[in-house]
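Accompanying notes for the structure given below.
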Amino acid sequence: MSWRYRANTTLEGLTGYTLTRRPRKQPPKPPPPPPLAMQRLPGDEVRPPADPAHDRLLREPVFLLSSVRSGSTLLRVMLNSHSKVHSPIETHFRRLTVGLGTEPVRQAMEALGHTHSDIEHIVWDRLLHRELTRSGKPVLAEKTPSNVFAWRRIATCWPDARFLFLLRHPMSIVQSWHEADPERRPMEEAVPRTLSYMTYLEEARTHLDGLTLRYEDLVADPERELRRLCLFLGVEFEQAMLSYGDKDHGGFVKGIGDWRDKIRTGTVVAGRPLPSVDEVPDELREICRLWGYTR
């Protein structure tokens, strides 16, 4: 009879408990690797097209960069009302990726000199070019707001891209984002969520050439601002841009653009009164200054 047995027998009789050795902790198993189709090619690099004449079908695409709730859907439908400009619904093209699910296809892509990003860029270009070709127009203007987070990659994918920057008073953006879905978008989340868009937009505006417009100016004098825009794009201004409600611009559906009654009216609606300086939280003061909304 071992001493452990005698000790446990005595302990159990006195307390009802016995001593057991703590099992050794096994090291956690490493997570399994993702499926091959989810793995990017090694050495992936975001770079310009190796052969622009053949790798890109789009020529001088236009990208409207803005925060959410900045009036980008209004500007989109105005652009789309032009006889030479096609501005589709938000395509979210930058979320499209490719899966290379077998070793032979991965080997083939590397042998052909493609990085994973190269292949995605070809897919992006083909998708947007198809949209443009189906419209029968020569100029594409894409406006998904989350493109601000990928402005570097977009500018790399299309070195000849042209950029529009749409600004709006930062506090008006915050209020509009909250009001679009008050229960799911409480005000305490509105500032940080929308400020991230504004921060990347300002970064893009600092590094890229393009034309800056203000939402407040657009709704106050749409013809003047659209004439400026058309001059930048190299197309003639058309009165049809002011009556966008006469055209079909696809459905106004949540997730791929503004969906509220204001955009459905088919007419330009005056903007809300600008907030006073005292109404602007500290977190927004710097972006207000950078965008000239301090008066």
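Positions are given from 1 along the sequence.
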Measure the shortest side-chain to side-chain distance between [X] and [Y] over non-hydrogen atoms and say whether it is less than 4.5 angstrom.
X    : Y    : result
M109 : L41  : yes
P145 : L201 : no
R153 : R94  : no
H178 : T194 : no
H121 : D125 : no
L132 : S135 : yes
R168 : W291 : no
I122 : R56  : yes

Looking only at non-hydrogen atoms, find the nearest pair between [X] and [Y] and report the distance.
X    : Y    : result
L96  : W124 : O-NE1, 3.0 Å
L58  : D160 : O-OD2, 4.4 Å
C157 : P49  : O-CD, 3.6 Å
Q39  : P33  : NE2-CB, 4.3 Å
Q239 : E223 : NE2-OE2, 3.7 Å
V174 : A190 : CG1-CB, 3.5 Å

Path from [X] to [Y] over hydrophobic side-chain contacts below 4.5 Å:
X    : Y    : value
L213 : L231 : no
L274 : V219 : no
V46  : L112 : no

* side chain to side chain contact (heavy atoms under 4.5 Å, CB included) evaluation trace for T212 with L167 -> CA-CA 7 Å; T212 296; L167 309 184; 3.7 Å; yes
* Contacts of R152 that satisfy salt bridge (charged side-chain N to carboxylate O under 4.0 Å, His left out) - sequence neighbours left out ->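 R152: salt bridge (charged side-chain N to carboxylate O under 4.0 Å, His left out) contacts with E203.
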Is the backbone N or O of [Y] less than 3.5 Å from a side-chain atom of [X], with the two atoms forming a donor-acceptor pair by type?
X    : Y    : value
T206 : E202 : yes
T115 : D44  : no
K143 : L64  : no
E142 : T144 : yes
S70  : S66  : no
D55  : D51  : yes
R69  : I173 : no
S67  : M198 : no

For atom [atom1] of [X], decide whether the heavy atoms of other residues, nucleotides or ligands shown that lie under 6.0 angstrom number more than 12.
X    : atom1 : answer
K84  : NZ    : no
M187 : CE    : yes
R130 : CZ    : no
Y200 : OH    : no
D209 : CG    : no
R224 : CZ    : yes

* **R47/D118 ion pair, N-O < 4.0 Å** =>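 Answer for the salt bridge query: yes.
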* Salt bridge flag under 4.0 Å for residues E110 and R106 ->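 Salt bridge: no.
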* **Full working for salt bridge (Lys or Arg N to Asp or Glu O under 4.0 Å) between E120 and R40** => CA-CA 11 Å; E120 289 170 343; R40 300 189 74 79; 2.9 Å; yes
[atom1]-[atom2] distance between [X] and [Y], expressed to the nearest 0.5 angstrom:
X    : Y    : atom1 : atom2 : result
T91  : I89  : OG1   : CD1   : 8.0 Å
R228 : F237 : CZ    : CZ    : 13.5 Å
L284 : H169 : CG    : NE2   : 8.5 Å
E179 : D181 : CD    : CG    : 12.0 Å
L164 : L208 : CG    : CG    : 11.5 Å
L79  : K137 : CG    : NZ    : 9.5 Å

* Asked: Does F93 have its ring centroid less than 6.0 Å away from the ring centroid of W158?
  ->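 Close enough - the centres of the two rings lie under 6.0 Å apart.
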* Asked: Does F163 have its ring centroid less than 6.0 Å away from the ring centroid of W151?
  ->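 No, the ring centres sit 6.0 Å or more apart.
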* Asked: Think R214 forms a cation-pi with Y293, using NZ or CZ under 6.0 Å from the six-ring centre and within 45 degrees of its axis?
  ->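 Yes - R214 lies over the ring of Y293, closer than 6.0 Å to its centre and within 45° of its axis.
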* Trace of the side chain to side chain contact (heavy atoms under 4.5 Å, CB included) decision for V85 with N80 -> CA-CA 6 Å; V85 182; N80 197 51; over 6 Å; no
* Flag for S276-E279: side-chain donor and acceptor within less than 3.5 Å ->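 Their side chains do contain a donor-acceptor pair, which is all the 3.5 Å distance test asks for.
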* For the residue pair S117 and E45, confirm or rule out a side-chain donor-acceptor distance under 3.5 Å. =>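 Looking only at side-chain atoms, E45 and S117 do not form any donor-acceptor pair under 3.5 Å.
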* Could you go step by step and tell me if M241 and C230 meet the side chain to side chain contact (heavy atoms under 4.5 Å, CB included) rule? -> CA-CA 10 Å; M241 301 177 77; C230 287; 3.6 Å; yes
* Chi angles and distances behind the side chain to side chain contact (heavy atoms under 4.5 Å, CB included) call for R162, F63 -> CA-CA 6 Å; R162 295 174 287 175; F63 294 97; over 6 Å; no
* Sequence neighbours left out, what pairs pass salt bridge (Lys or Arg N to Asp or Glu O under 4.0 Å) with at least one residue falling in residues 230-243? =>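 Every pair satisfying salt bridge (Lys or Arg N to Asp or Glu O under 4.0 Å) with a residue in residues 230-243: there are none.
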